[in-house]
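In what follows, chains are A, B, ... by sequence order, proteins preceding strands, each numbered from 1.
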Protein chains: 2
Amino acid sequence: MIVTGELVNGERLDEMSLSEHFGCSRTPLREAFQNLAASGLLELVPHRGAFVRLPSLSEMIEMFEVMAELEAFCGRLAARRVTPQDLADLLETVIACEDAVANNDHDLYYIENERFHHLLYKASGNGFLTDQAKKLHRRLKPFRRLQLRVRGRLQQSLAEHRAILAALENGDAQEAADALRSHVAVQGGKFNDLMASYKNSHLHAGS
Amino acid sequence: MIVTGELVNGERLDEMSLSEHFGCSRTPLREAFQNLAASGLLELVPHRGAFVRLPSLSEMIEMFEVMAELEAFCGRLAARRVTPQDLADLLETVIACEDAVANNDHDLYYIENERFHHLLYKASGNGFLTDQAKKLHRRLKPFRRLQLRVRGRLQQSLAEHRAILAALENGDAQEAADALRSHVAVQGGKFNDLMASYKNSHLHAGS
DNA sequence: TCAACGGTAATTGTATACAAGCTGGCGGTT
DNA sequence: AACCGCCAGCTTGTATACAATTACCGTTGA
């Protein structure tokens, strides 16, 4: 797949060779291309073909900027609308994350981290917002994953999750929004981490 | 088109008859379907076909809620990043809107209103945010248009545009964000206006 | 030697033909 | 009489063939 680094950035995807590779005709492939283009992973140029489009560093920062704001908004809404069941589910993921940190299990943490955020989106009580947040989260997934590999990031992330949950329990919209914004935003040391992992991913793509 | 009310809500779009109608084959039609589905206007059910999907009232309110927040964020960023050229362009649209109000020209106001908001998105200095805001704006377009038909809404909208521009000129991020949020948000009397126009649009669609 | 032009090959866009799956109605059974 | 299962017709999904556009490369001229 694209995120695993099998594809070089501006590479053109040949419909015919790919259809051979997947054992299907060009028609369903072209439909898949359109889906990927809608997700921003490909760029379709008329009569030229489909080109792999890895976001540039600045685009990625822009996306994180928006993601931070979306999540902050989720938190603000959730502080008012969160249900006891949501709080219980969120607590469950925090506990699971604690176990993951204790065992230094990055994969488990990654999964539970995703669950935490998805639950948060849902707790906003706004289905459209939930969808949008999920889409962007998914798009940033590979980079987020690389970030979590940074030493000590797990503990920090977990502490932030706890703070967010506490804010939601207290119904403090401002606190929840601020905590989420800084949790997601690329700022301070995280910027360097992101840049390093970005270069790393490009190295991978180039190979 | 869908927004003009030629289509009933859950109607199924027949590929064959539509391809005849447009004088093309089913292949490009299916591609168009996928685009519309990605925009949320159609729902594609495997082996069943494409169904017209007008957002429900609650979905629409959810979308406006997100739109308000996106625009508020644009305003917050723009208050810091706006360029003199942006401010000049924005002022131009406000003046054009004043003319439109003076002549009670709804169509002109509609166009300049759109220009104002697009300029604002651009002024945020975040290309991804600009794209997202444009997409959602476009999706809400028909309902926004119906709203502007409400008596006195033009004057109010214009006054809000002036306030937003003033906040940007002063570099007041908080003020710009708040002004935009309440400008876009569906609240107070606007809720009833929206509901009325929504029912109206459904009446249209049903005929 | 470099640039501009034209032709060929290759690739994408479109149309059509074929396969697979769903819908609805008919007949049989309980 | 009501319900379940089967078959026919139709609609979507896929494969392939054809058309149109583009890119590359060789040739030609200055």
Side-chain angles (χ1 to χ4, degrees), chain A residues 1-56 59 127-128 131 134-135 138-139 142 202 204-207, chain B residues 1-56 59 127-128 131 134-135 138-139 142 202 204-207:
Chain A
M1 310 291 244
I2 294 176
V3 299
T4 57
E6 294 168 27
L7 297 172
V8 184
N9 193 349
E11 184 175 338
R12 190 177 66 81
L13 296 178
D14 186 29
E15 294 182 356
M16 213 158 59
S17 51
L18 271 179
S19 65
E20 253 178 70
H21 182 269
F22 285 109
C24 68
S25 92
R26 282 174 48 214
T27 312
L29 213 93
R30 286 172 62 84
E31 297 198 349
F33 278 9
Q34 290 209 341
N35 282 334
L36 291 172
S39 306
L41 289 153
L42 286 181
E43 186 178 8
L44 265 52
V45 182
H47 292 104
R48 295 271 322 264
F51 296 87
V52 178
R53 176 163 162 63
L54 293 180
S56 70
E59 281 175 295
F128 181 74
D131 285 349
K134 275 187 185 170
K135 265 190 200 166
R138 180 190 175 85
R139 195 156 160 198
H202 261 237
H204 226 254
S207 67
Chain B
M1 308 295 241
I2 293 175
V3 300
T4 57
E6 294 167 25
L7 297 172
V8 185
N9 194 348
E11 184 176 338
R12 190 176 66 81
L13 296 177
D14 185 30
E15 294 182 356
M16 212 157 58
S17 51
L18 271 179
S19 66
E20 252 179 70
H21 182 269
F22 284 109
C24 68
S25 92
R26 282 173 48 215
T27 311
L29 212 93
R30 287 173 62 83
E31 297 198 350
F33 278 9
Q34 291 208 342
N35 282 334
L36 291 173
S39 308
L41 289 153
L42 286 181
E43 186 178 8
L44 294 170
V45 182
H47 292 105
R48 295 268 326 263
F51 296 86
V52 179
R53 177 164 160 62
L54 293 180
S56 69
E59 281 176 295
F128 181 74
D131 285 348
K134 275 187 187 172
K135 265 190 201 166
R138 180 190 175 84
R139 195 158 161 197
H202 261 238
H204 228 253
S207 67

Contacts of B/Glu59 meeting side chain to side chain donor-acceptor pair (under 3.5 Å) (sequence neighbours excluded), chain-then-number -> B/Arg53, B/Ser56
Is the closest side-chain heavy-atom distance between B/Phe33 and B/Leu18 below 4.5 Å? yes
Side-chain donor/acceptor of A/Arg12 to backbone N/O of A/Gly49, under 3.5 Å: no
Excluding sequence neighbours, so at least two apart, what forms side chain to side chain contact (heavy atoms under 4.5 Å, CB included) with A/Arg138? none
Set of residues satisfying side chain to side chain donor-acceptor pair (under 3.5 Å) with respect to A/Asp131, sequence neighbours excluded: none
Closest-nucleotide ordering on DNA chain D, the 5'-leading residue of A/His47 and B/Pro46: B/Pro46
In whole angstroms, how far is the P atom of D/dT21 from the CG atom of A/Leu44? 18 Å
Per the under-4.0 Å heavy-atom filter, residues of residues 21-35 of chain A near DNA chain C come out as A/Arg26, A/Arg30
If you look at every heavy atom in B/Pro46 and B/Leu44, which pair is closest and at what distance? CD-O, 3.7 Å
Please report, to 0.1 Å, the donor-acceptor pairs under 3.5 Å made by any side chain of residues 23-30 of chain B, with sequence neighbours excluded.
| unit_1 | atom_1 | unit_2 | atom_2 | d |
| --- | --- | --- | --- | --- |
| B/Ser25 | OG | B/Thr27 | N | 3.2 |
| B/Arg26 | NE | B/Glu15 | OE1 | 2.9 |
| B/Arg26 | NH2 | B/Glu15 | OE1 | 3.1 |
| B/Arg30 | NE | A/Glu31 | OE2 | 3.4 |
| B/Arg30 | NH1 | B/Glu15 | OE2 | 2.9 |
| B/Arg30 | NH2 | A/Glu31 | OE2 | 3.2 |

Give a yes/no on whether any side-chain N or O of B/Arg48 is located under 4.0 angstrom from OP1 or OP2 of D/dT12. no
Looking at every non-hydrogen atom in both residues, tell me the closest pair between B/Leu13 and B/Leu42 and how far apart they are. CD1-CD2, 3.6 Å
5' to 3' contact window, DNA chain C with chain B (heavy-atom distance under 4.0 Å): C/dA15 to C/dT23
